[in-house]
Each structure stands twice: as C-alpha cells, then as structure tokens.
Amino acid sequence: MIQLKVNGAEQSFDGDPEMPLLWYLRDVLGLTGSKFGCGVGLCGACTVHVNGQATRSCVAAMRDTAGKEVTTVEGLEKNGLHPVQKAWMQINVPQCGYCQVGQIMQAAALLNSKKKPTDREIDEAMSGNICRCGTYQRIRAAIKAAAGEMP
Amino acid sequence: MSAIENVSRRRFLAGGIIAAGALVLGVRYYSKLSSGDKLPHDTNADRATLHPNAFLGIDADGTVWIVASRSEMGTTSRTTLPLIVADELDADWKRVKIGQAIGDKRYGDQNTDGSHSIRSFYDAMREAGATARFMLIQAAAKQWGVPAAECETDLHVVVHRSTNRKVGYGDLASVAAKLPVPSREELKFKPKSAWRYVGKGEVSYDLEALVTGKAIYGMDARVDGMLYASVEHPPVLGGKVKSYEDKEVLKVAGVRQTVPIDPFQQAPAFQPLGGIAVIADNTWAAFQGRKKLNISWDNGPNETYDSDPYKNELRETAHKPGKVVRNIGDADAVFAKGSKVYEADYYVPLLAHATMEPMVALAEFKDGKVRAWAPTQNPQAAQDIISKELGIAKEDVICHVTLLGGGFGRKSKPDYVAEAAVLSKKVGRPVKVVWTREDDIKFDYYNAVASMYMKAALGADAKPTAWLQRSVFPPIPSIFDVNAVYGDPSHLQQGWTDIPYDLPNLRIENGPAKAHVRIGWLRSVANIYHAFAIQCFTDELAHAAGRDPLDYLLDLIGKPRTIDFKGVDYPNYGAAFDAYPWETGRLRHVTEMVAEKSGWGKRKHGKGTGMGIAAHRSFLTYVATVVEVEVNDQGEVRIPRVDTVLDAGLVVNPEATRAQFEGAAVFGASIVRSGEITATKGAINQSNFQDYPVARMAEAPYQTNVYIVDSDAPPAGVGEPGVPPFVAAFCNAIYAATGKRVRDLPITKLGLS
C-alpha cells in the first residue's frame, strides 16, 4: 500500500507499484488535467509537481511517490488562478492547449526557484516541454509577465 | 461528458428552418428524430426558444446558443465562426454559449481541414445571425405596433429610437419564434462600419479551461464502465496476424482479454489497421499487457519497401519525362539552344504529424447503435467508417467531437475512432483505445515523400527563358486506390501548377510513385515540398546570376496580373475564380512589404548570419516570409527573427491569425531541422520524440512578427499558408549564413556541425 498526498488530500494506492503516476492520476483519480504525450519523459505534457519539483509523471513510478506530495494543475492554486495561469490568459498562449498544462506546471516550478529568469534560463527550464502548435514565443512572454506577479 | 441528453426538453419549432440559400441552412432534419427510436441529435441551440436555423438558438433569458460545427484543434475556429454569428446578430459575446456539434450532415461539411472553415462558412454564419436579428426586430415592431423599418438593434437589444424604447433579445425570443423565418433576400447585413467582432477578433472561448486543465480532449473522455485498449498493429502496412500467443498477456494485473482486429480490405482508406488489442482496466495495464504479446506476422508485399532506395527511385523518375500537367511555349527548344542551364534536385522525406495528443477514441456499441467520443477533424467520416465496419446505419452512429490535442490533418482520418467502435462491439463494453506515441509515429498517414527536379535556362537579363519542373511523390489517392501513382489536381495545384512567375516557356510535369505507407494530408500538404523546390531554386538562380534574392524574386513574379489557368486542371482549392482569382500583384505586395518590415538589405550580417526570403500562395492566401538565422562554430542554427506578411482577404480574428503564423514558423522549423520518417523492410524506423524530434523552445524562432494586409477580399485560409514559405525562407537563410545549399531535407544531412 502506497500512501501519498495529491493536491493536499491523503491517498492510498494498492495497485501495480510500477504504474506511472500519470495513469494513477488520470485513470484512477480521474484528474485528467495532466496529459499523456509520449510516455517516456520526452515531451513534458504530463508535468506535475512532486514535493515542489517539476516531474514527468509518465515516468515516475507509483512506488517512488510514497510519502510524497503531488500537485497537479487541479491543485495548483486554491483560490482562482495562479499568476502563471493569469499570464497565460493575458498573453493568449494556448492554441490546441494540450501541452499547456504541462508548460504551466513547468513554468510555475521555474518561477518558484527563479524570480526573474533570463531568456537562457527560460529556454533551459522549458526545454523538456514540447508544443507542437508552436506557442513558444508566447510561453516565454507569459513567463516574463508572470515573473513580476509571483508572490 | 455526460452522454445523456434531456430529450424531454426537445422542442420543435414549426417552420423554424429557413429556406435554401446557404447549403447548410435549408435542411429539415427533425422528421427522423421524432420517431423516438433514434439517437438524439439535438443541441441546446435546437432546444432554445427561438431557433431559426441549425446553428443558432436564443433562450428567454437572453442566452444565445451557437453551434460550433467545425472541430477545434488550436486554430480557434470554434470561437471565430460563432463570432461571425454574434456580430451579425448584434449579440453580446459575454452572453453567447458555444455548443460543439456532433457529426451531422445538416451542418454541411465538417471536415476541418484545408484551411477553409472561415472561407466556406462566413456567409452561412452571417446568415444565421442576420436571420435571428431580422426576426427579433419584427417581434419588437409587432410588440410596439411600429414599422419594423423604424427599429434597429444595439448590443443584445432591439431599439426604437424615436420613442426611446428598447427590449432585450431574451424577452423577444418567444414572440419571434412564432414569426416566419425570412428568406435570404429579405435579410439586411450589417455594414462593415457596424461590425463589433469581425476584424477585431476574440480570444478562445475555451481559454480559461485550457489553462486550468478543465478542457476535455479525446484523451479525457470517460463513460461509466469503460475499458481501455492498446493495439499492436501490423508493423508493415497491409500485414496480417499469422498467429499469436497471449498467455503471458493475461497474467498482467488489470488485463481482461485480447481481441483480434481484422486487417483492412483493399485500400486502407480510414479502416482500422488490424492487429491484436489488449483490453484492460486502465491504460497502463493495457500497455503492459501488450508488451507480452507474441505475434507472428505475415508482412505482405510492402515488406520490400526501404526508404533509401525508394528515394533514389523517386529521383530517377524525376529525371525522366513525366505526365505534363501544364505547358507554355517550348522549354525544350530553348534548352536545346545551348544557353546556360541550371539544374537542381530537391527532396523532402515522409513527415509525421506528431500531434501532442496521440490518437485516442472512446466508443460504446449498444443495442445496434454506437456513440463515440473522439478528437476528430472529421466526425461525419467517423460515422461513415463506423457504420461500414459494424454494418449499421450511419444515423445509428453518434460521433461527439471533443477538443483536439492538435490535428494538422491526421485527425481527419478516423481509423482510430473506428477501431474503438469495433472493439466495443467485440467486448460488449465501452472501450477507449489509446495509441502510444510510438503507435502515432509508426502508423501515421504521412505527408508524402517527394522528389523535385528543377531546370532553368537564363537569358541575358538573368531571367529564365525556359523553366522545367517535375515532381514525383506517392499521392494521397493511394489510400483509396492502391493503383494510384500520379498526383491528382488537388495536390498538383498546391504550389506546383500555379507557379506565379511570368515565364515564356514553362513545362510542369508529374511522375509516378507507388505508395508503401499510408499517405495523407499534413498541414500545408504538397505546398511544403513544392514551395521548397521553387522558392529555393529561385534563390539559387538569383545567386547564380549575382542578383539580390528579393529583387530577383520580384522580377520573376513580374507585373501584377491574374494567372490564366486555361487548359490547366487547377481547382483553386475549390473556390470560384471570380471571388478568388490568382493575383500576382497580391503576392508581389506581401513580398515588398515583408522586405520593408524585415529590414531586408538594410541590416548588416556578420559571419554565420544571414536572411532568406520566400513567397507563396496556398489555400488562397498570399504569404511572404523572411527568416534570419545565426549558425555558430558548432553548426548550431538559431532563428532570432522571422517576419511574415499575409494577405488572406478579410481576416475575422487577427489575434488567432497571428498565432497561426507564429505556430506555422515553428512547424516549419521542425520540418527543416529534423522532420524525417524512414522505413526498413516496410516498417517505420522512428518511434518517439528522440528519433522524430520536433522543435523545442530554443530551436523555434525567437521572435516571429506577423503582419496582416488590410483587405476587403473574401476570407481565405490561415491555418496552413504560413508553413511553405517559412520552410523555403529558412533554407535560403541557411545558405546566406553558411554558403551551404539545402536541397535535401532535413538539414541533419547538411553537415553544418
């Protein structure tokens, strides 16, 4: 039995400990904000926070989440929208939107560790997140806009 | 995602259907549903108090329901088309609710491809709004006892100025619903000066849902009692299962059963590929079970296909006379005169769509009927193939359209939706079939591999005196007819038969190529390889002649004229020539404008930097693009800046249009940098983003500036036209920066590093 916290709530899991966190979130808990894109940690669509760190949930086995705190987009902000989400709306970032939750979770983690990231730091931090629609320049602009609004 | 619609709320509006005019508005559709034994097809718009046509309904509380009949994959058409209705209705956008249509032919064409949603539905959307506005004005006039001519609309109200009276749309809905629906001839459309939204645009109706994870894609569809499936497809197109062993599969926790799927018959079209499905309680268990399958395959005739020799075959074919698809003068006579001749071969490999959301669909077969939930660009095609596969009537197939996590043409082909329906019937439960990324890359409908041979003779003024171009590619019709080997007019038109240059001697040919994989539409389609060849060859000729590429390009485009397609099978993207003539002056204009905006010829370029230019019309839109590149000593290519100018006629949603062209530059960057699918013994070699890389943030253009030409011409496409000129301009910029000419894509073969 694996005990973990998801968006502040205690959860326990007694299935296959090799099951990636992504499928536990999506198929078991019904939290579908985190997306399946590649299954091997190459695209970032599944990005969530595990103990505050941006993590590719498609390659994070449930056994490694024991005792951890998982935050998904559904729990990113208790009240209203997170500054990163607000910036995403202000800059009108999404096209199809499928990768954007992963991008937002990655960006939120970046801004938690770097208040004012440079272009290079943004490129590096976001390099694991693919957007096939090609919204990168807006993502960069939104991260800069959100940087001024982080608590 | 509740599948249950409240049928008791359904209301029928006598006479509530306007006469023919726009093809989509004149369909009387309810007779079939009233028998009570059919699946419900109605929407909130249908159920509203005032419901003058299929696209629109107004409730007594003033809520305006607008049906989005086209699929949303990121182009914002789900927002932009309703915006046209709302504008003509004079509705408050904040009081508009959008409902996504199911597949239903009363909406007309729903195949959301070809960059024509706005072009084909602009008039229909205006009519829908104007019809309701007409009826609301009539209702208010009746209520006030004044002539309708004295009434007008303001935001969500009808007003009578002289008596200073006004009444809200909601309050008028039930009275208006009793009035006859006007004919198109009676309608009065708003003048441009009164437009509220058209030309100004709006952000996506779904924007907040998209950033909060609440948006529902196909991947997120759920119904009670559903099972999950993952399918091992034949590795070679047309392959069949000889035998298989599933003992180990069934030992995997959560796996329920395995189910064979029949191979497709004749040409693949949109049929499921066949193979063995693993059915499980969750996606992960299905994936794990699949790894334990032991299948013996009969690969069939495509096992002989290897992409390397195939490339050489295409090139050889391109060097031989082909089918002449357009001819002016006598190019060979000029070539024979012994003037200086330039030749070049260009090559673009197979390309995969790699939408961020892999193929996925949920379907429930029950009591001889199917409900499907799918991220599809083409729900009516999904109905068709499901009805064929299951032997049921098309009306007994409901296809709900979710949001699409990218489409780019892949999701116009509903093979994966049919797969879910077939499995649900075999399993007796709702089944959600989830493709892995590997499935997505290996079992795509690829953009055709293409080889282009170009030849030109230059005169004393450096302008071409003769021009020959030959393209060879396995055509898209091969998915419907295995014997199809020549390009069809709808793809030869894509930047090939419509070369915009004023050439005295021109011959355009196409050679045969047999397909060994499924070929399909991918964003910009044949324009990608055709524009690459023509626009890069033009750049080569400019350099050969010692001319500035911009000046040379403008010289070749020549004076403004309308291209005469007499004797040429040129479908003009299905648009009428009088509304959408091919005007070289518009191409010239965007080219001149992009030169000015990009600072062409005015900015200094140091070592390893350079700019490239290209101009191209596709999907009826004229685009010119300048790309700036920097190549460092390690051969790494950066794209600091892109400038692109487009003339798409009337642009309804400029903000969404800019986003499409920004995205097109990134899509093009992926094609040039790393887009390549290859095959060995008929099986695709690539599998995921490590071997089919797409542009990441640092590889994408740092800044793409998009400029929209102000135009009153009718609306043209915006989703695709940005890609082709970007690809060519990027390659031309690489030459300017490095002196290395790109003739084979992707540039991994160029030896920059």
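Order of the sequence lines fixes the chain letters, A, B, ..., with proteins taken first and strands second; residue numbering starts at 1 for each chain. The shown structure was predicted, so the numbers you read here are calculated from the model rather than taken from an experiment.
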Checklist entry - What residue, out of Pro693(B), Ala209(B), Ala354(B), Ala669(B), has the most heavy-atom pairs lying under 4.5 Å from chain A? => result Ala354(B)
Checklist entry - Side-chain contact, heavy-atom cut-off 4.5 Å: Asp220(B) with Lys35(A)? => result yes
Item to check | Residues which pass salt bridge (Lys or Arg N to Asp or Glu O under 4.0 Å) with Asp27(A), listed by chain and number, not counting sequence neighbours | outcome: none
Checklist entry - For Glu699(B), is it the side chain, the backbone, both or neither that has a heavy atom under 4.5 Å from a heavy atom of chain A? => result neither
Next on the checklist: Between Arg140(A) and Glu662(B), does any side-chain N to carboxylate O distance fall below 4.0 Å?
Outcome noted: no
Next on the checklist: Is Arg78(B) in contact with chain A via its backbone, its side chain, both, or neither, using a 4.5 Å heavy-atom distance?
Outcome noted: neither
Checklist entry - By a 4.5 Å heavy-atom criterion (distance strictly below it), what part of Leu76(A) contacts chain B: side chain, backbone, both, or neither? => result neither
Checklist entry - Do Leu210(B) and Gln100(A) come close enough that some side-chain heavy atom pair is under 4.5 Å? => result no
Checklist entry - For the atom pair CD (Gln95(A)) and CE (Met356(B)), what is the distance rounded to the nearest 0.5 Å? => result 13.0 Å
Checklist entry - Counting only heavy atoms not in Lys144(A), do more than 12 sit closer than 6.0 Å to its NZ atom? => result yes
Checklist outcome for this item: Cut-off 4.5 Å, heavy atoms of chain A, and the answer for Tyr217(B) is side chain
Checklist entry - So, the side chain of Tyr136(A) versus the backbone of Ala695(B): is there a donor-acceptor pair under 3.5 Å, distance only? => result yes
Next on the checklist: Under a 3.5 Å distance rule, please check whether Asn282(B) uses its side chain to pair with a backbone N or O of Val28(A) as donor and acceptor.
Outcome noted: no
Checklist entry - Between Val203(B), Thr704(B), Leu404(B), Thr355(B), which has the largest tally of heavy atom pairs under 4.5 Å with chain A? => result Thr704(B)
Checklist entry - Using a cut-off of under 4.5 Å for heavy-atom pairs, which of Ala659(B), Ser204(B), Ala665(B), Ala698(B) has the most such pairs with chain A? => result Ala659(B)
Checklist outcome for this item: Ranked by heavy-atom pairs below 4.5 Å to chain A, first place among Met73(B), Glu438(B), Lys214(B), Arg523(B) goes to Met73(B)
Checklist entry - If you count heavy-atom pairs under 4.5 Å between each of Cys133(A), Gly15(A), Cys38(A) and chain B, which one has the most? => result Cys38(A)
Checklist outcome for this item: Assert top hit (heavy-atom pairs under 4.5 Å, partner chain B, pool Glu77(A), Glu74(A), Arg26(A)) equals Arg26(A)
Item to check | Over all atoms of both residues, closest heavy-atom pair of Glu655(B) and Ile91(A) | outcome: OE2-O, 4.4 Å
Next on the checklist: Does this structure show an ion pair linking Asp123(A) with Arg696(B), if we count only N-O contacts that are shorter than 4.0 Å?
Outcome noted: no
Checklist entry - Tell me, do Phe36(A) and Val434(B) make a side-chain contact under 4.5 Å, heavy atoms counted? => result yes
Checklist entry - What is the minimum heavy-atom distance between Tyr98(A) and Pro358(B), and which atoms define it? => result OH-CD, 4.2 Å
Checklist entry - Under a 4.5 Å heavy-atom cut-off, does chain A meet the side chain of Gln690(B), its backbone, both or neither? => result both
Item to check | Shortest non-hydrogen separation from Tyr692(B) to Arg132(A) and the atoms involved | outcome: OH-NH2, 4.2 Å
Checklist entry - Among Gly44(A), Ser127(A), Ala141(A), Cys131(A), which residue forms the greatest number of heavy-atom pairs with chain B at distances under 4.5 Å? => result Ser127(A)
Next on the checklist: For Val211(B) versus Val73(A), what's the shortest heavy-atom pair and its separation?
Outcome noted: O-CG2, 4.0 Å
Checklist entry - Just wondering, are more than 12 heavy atoms of other shown residues or ligands nearer than 6.0 Å to CD in Gln3(A)? => result yes
Item to check | From SG (Cys96(A)) to CG (Asp206(B)), nearest 0.5 Å | outcome: 11.5 Å
Next on the checklist: Quick check for you: to the nearest 0.5 Å, what is the distance between Met697(B) atom CE and Ile139(A) atom CD1?
Outcome noted: 5.0 Å
Item to check | Heavy-atom closest contact (Pro94(A) atom, Leu207(B) atom, distance) | outcome: CD-CD1, 3.5 Å
Next on the checklist: What's the separation between atom CE in Met219(B) and atom OG1 in Thr32(A), rounded to the nearest 0.5 Å?
Outcome noted: 11.0 Å
Checklist entry - Looking at OH of Tyr228(B) and CH2 of Trp23(A), how far apart are the two atoms once the value is rounded to the nearest 0.5 Å? => result 8.5 Å
Item to check | Part of Leu403(B) within contact of chain A (heavy atom distance under 4.5 Å) | outcome: neither
Next on the checklist: Please classify the contact of Thr75(B) with chain A as side chain, backbone, both or neither, using a heavy-atom distance under 4.5 Å.
Outcome noted: neither
Checklist outcome for this item: Most contact-rich option vs chain A, by heavy-atom pairs under 4.5 angstrom, among Thr283(B), Val694(B), Val666(B), is Thr283(B)
Next on the checklist: For a 4.5 angstrom cut-off between non-hydrogen side-chain atoms, does Glu18(A) reach Gln288(B)?
Outcome noted: no
Checklist entry - Looking at Cys43(A), Gly39(A), Gly97(A), which makes the most heavy-atom pairs under 4.5 Å with chain B? => result Gly97(A)
Checklist entry - Which bit of Ala215(B) comes within less than 4.5 Å of chain A, counting heavy atoms only: side chain, backbone, both or neither? => result backbone
Item to check | Donor-acceptor pair between Gln85(A) and Glu208(B) side chains, under 3.5 angstrom | outcome: no
Checklist entry - Taking non-hydrogen atoms and a cut-off under 4.5 angstrom, which of residues 101-119 of chain A neighbour chain B? => result Val101(A), Ile104(A), Asp119(A)
Checklist entry - When rounded to the nearest 0.5 angstrom, what distance separates OG1 in Thr76(B) from CG in Asn92(A)? => result 7.0 Å
